Amino acid sequence: SSDVCSSDLTGPAGNGVNLVENIGIPQGVERGSYRIDHKLSDKDQLAFSMMFGYLGPNPSAGATSKFGGMAGIGEHNVNTNLSLNHIFTPTIISETRLGFLHVRIFRQPQNFALGTSSIIPGLPPQGIDGAPQISILNIVGMSEAGSSDLSQNISFVENVTITRGAHTIKTGLTFNWATHYNIAATTPQRGAYSFTGRYSGIAYADFALGYPNTTQLPSPTSIIGKFAAPRYQAFLQDDWRITSRLTLNLGFRYEYTSPYAEKWGNIGYIDPYETEPVTGGKGVFKWVPEGGYHTDRKSTRLNSSHANV
């Protein structure tokens, strides 16, 4: 990497002072998988598998090594499955699976330990700290976003296969419970401050004096959400071997996905059937109760369910 260099940029595009730096960034990646099979008896087979992928969290370069990048950005994935196959009879076989998916996403700002609210008067404590948004006329701007996500999915699957003559019948049920946790800094992250030289005639001098031309503060400073939703699936399939050269596949599948519930009531929706009292137009925004779903009439229109034949 090279040091920060301040260079006078002159030419047809105008005059100015900017920061330029080439930064070498290491990248750490780990991936792996394994599987264990165990024969419990002549009728029972147990298996466990796990796959994982760890990308970082790695630093990410910004405009310079001092601001604008990420202290850690990356993703951790872990997918585990436990299955049991049981033979009731030679013509009736069951498969039971239990799965767990864990996904963690990192987006930590480069200056996460800056303590911005203790430096800038009037700035409240920040859920995700980092550098504020600063723009100084003719100088590279400063800004740092940031968020953290955690998604987890628990699944249960039960399938049964029955063979009767020319028919091979398969049926099964699936249940998924998905949760998602997120915290994200709101825009403008940690406030926005513009310095144009309005007071001293030199933008950088205004910045050094602490006299911004305009300021903005986010409200709230961050948004926190914890969401959860169940999903159900069922299917019935018949592979009918009519002749040695002709097989008819018949099946039915039904899926239902519930809308998300949010623990603290930080989720809403637009009811297109209600009348807005001020404008008189159709469409009213409504908050969902804490930890619950909306229960308006026609609310099933916002669910996801379908059947396949």
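Note that the coordinates shown come from a computational prediction; the quantities given were computed from them, not determined experimentally.
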A.B. asks: Do Ser155 and Arg97 have a side chain donor and acceptor closer than 3.5 Å?
C.D. replies: no
A.B. asks: Through direct or indirect side-chain contacts below 4.5 angstrom among Ile, Leu, Val, Met, Phe, Trp and Tyr, which residues connect to Val29?
C.D. replies: Leu55
A.B. asks: Using the side chain to side chain contact (heavy atoms under 4.5 Å, CB included) criterion, which residues pair with Ile120? Sequence neighbours excluded.
C.D. replies: Thr116, Leu123, Pro132, Tyr193
A.B. asks: Quick one: side-chain hydrogen bond (donor to acceptor under 3.5 Å, both in side chains) partners of Thr243, sequence neighbours excluded?
C.D. replies: none
A.B. asks: In Å, rounded to the nearest 0.5 Å, how long is the span from CG of Asn81 to CZ of Phe48?
C.D. replies: 8.5 Å
A.B. asks: Tracing side-chain links under 4.5 Å among I, L, V, M, F, W and Y, which residues wind up in one group with Met70?
C.D. replies: Ile73
A.B. asks: How does the hydrophobic cluster around Leu101 look, that is, which other residues are in it when side-chain heavy atoms under 4.5 Å mark a link?
C.D. replies: Val103, Ile105
A.B. asks: More than 12 heavy atoms of other residues, nucleotides or ligands under 6.0 Å from OH of Tyr204: yes or no?
C.D. replies: no
A.B. asks: Taking the six-membered ring for Trp, are Phe207 and Phe195 parallel (under 30°), tilted (30 to 60°) or perpendicular (over 60°)?
C.D. replies: perpendicular
A.B. asks: Please enumerate all residues that pass side-chain hydrogen bond (donor to acceptor under 3.5 Å, both in side chains) together with Arg35, with sequence neighbours excluded.
C.D. replies: Asp37
A.B. asks: Apply side-chain hydrogen bond (donor to acceptor under 3.5 Å, both in side chains) to Thr275 and list each qualifying residue two or more places apart in sequence or on a separate chain.
C.D. replies: Lys282
A.B. asks: Please verify the inter-ring angle class for His76 with Phe106; under 30° counts as parallel, over 60° as perpendicular, anything in between as tilted.
C.D. replies: perpendicular
A.B. asks: Would you say the side-chain atoms of Gln133 pair up with the backbone N or O of Ala192, donor to acceptor, closer than 3.5 Å?
C.D. replies: no
A.B. asks: Check Asn249, Thr168, Thr161 against Asp239 for a side chain to side chain donor-acceptor pair (under 3.5 Å) and give me the one that passes.
C.D. replies: Asn249
A.B. asks: For Thr221, enumerate each residue passing the side-chain hydrogen bond (donor to acceptor under 3.5 Å, both in side chains) test, keeping only those at least two apart in sequence or located in another chain.
C.D. replies: none
A.B. asks: What side chain to side chain donor-acceptor pair (under 3.5 Å) pairs are there with at least one residue in residues 52-62, not counting sequence neighbours?
C.D. replies: Gln27-Asn58
A.B. asks: Among all residues two or more places apart in sequence or in another chain, which pass the salt bridge (charged side-chain N to carboxylate O under 4.0 Å, His left out) test with Asp238?
C.D. replies: none
A.B. asks: For Ile183, give me all partners under side chain to side chain contact (heavy atoms under 4.5 Å, CB included), at least two apart in sequence or on another chain.
C.D. replies: Ile128, Ser148, Tyr181, Ser222, Ile224
A.B. asks: Please go through Tyr199's hydrophobic cluster and name the other residues, only I, L, V, M, F, W, Y counting, with side-chain heavy atoms under 4.5 Å joining them.
C.D. replies: Leu209, Tyr211
A.B. asks: Any chance you could measure Arg104, atom CZ, to Glu75, atom CD, to the nearest 0.5 Å?
C.D. replies: 11.5 Å
A.B. asks: Any side-chain to backbone donor/acceptor pair from Ser258 onto Ala229? Under 3.5 Å, distance only.
C.D. replies: no
A.B. asks: May I ask you to check whether Glu95 and Asn159 show a side-chain donor-acceptor distance below 3.5 Å?
C.D. replies: yes
A.B. asks: Report yes or no: does Asp206 contribute a side-chain atom to a donor-acceptor pair with the main-chain N or O of Thr196 at less than 3.5 Å?
C.D. replies: no
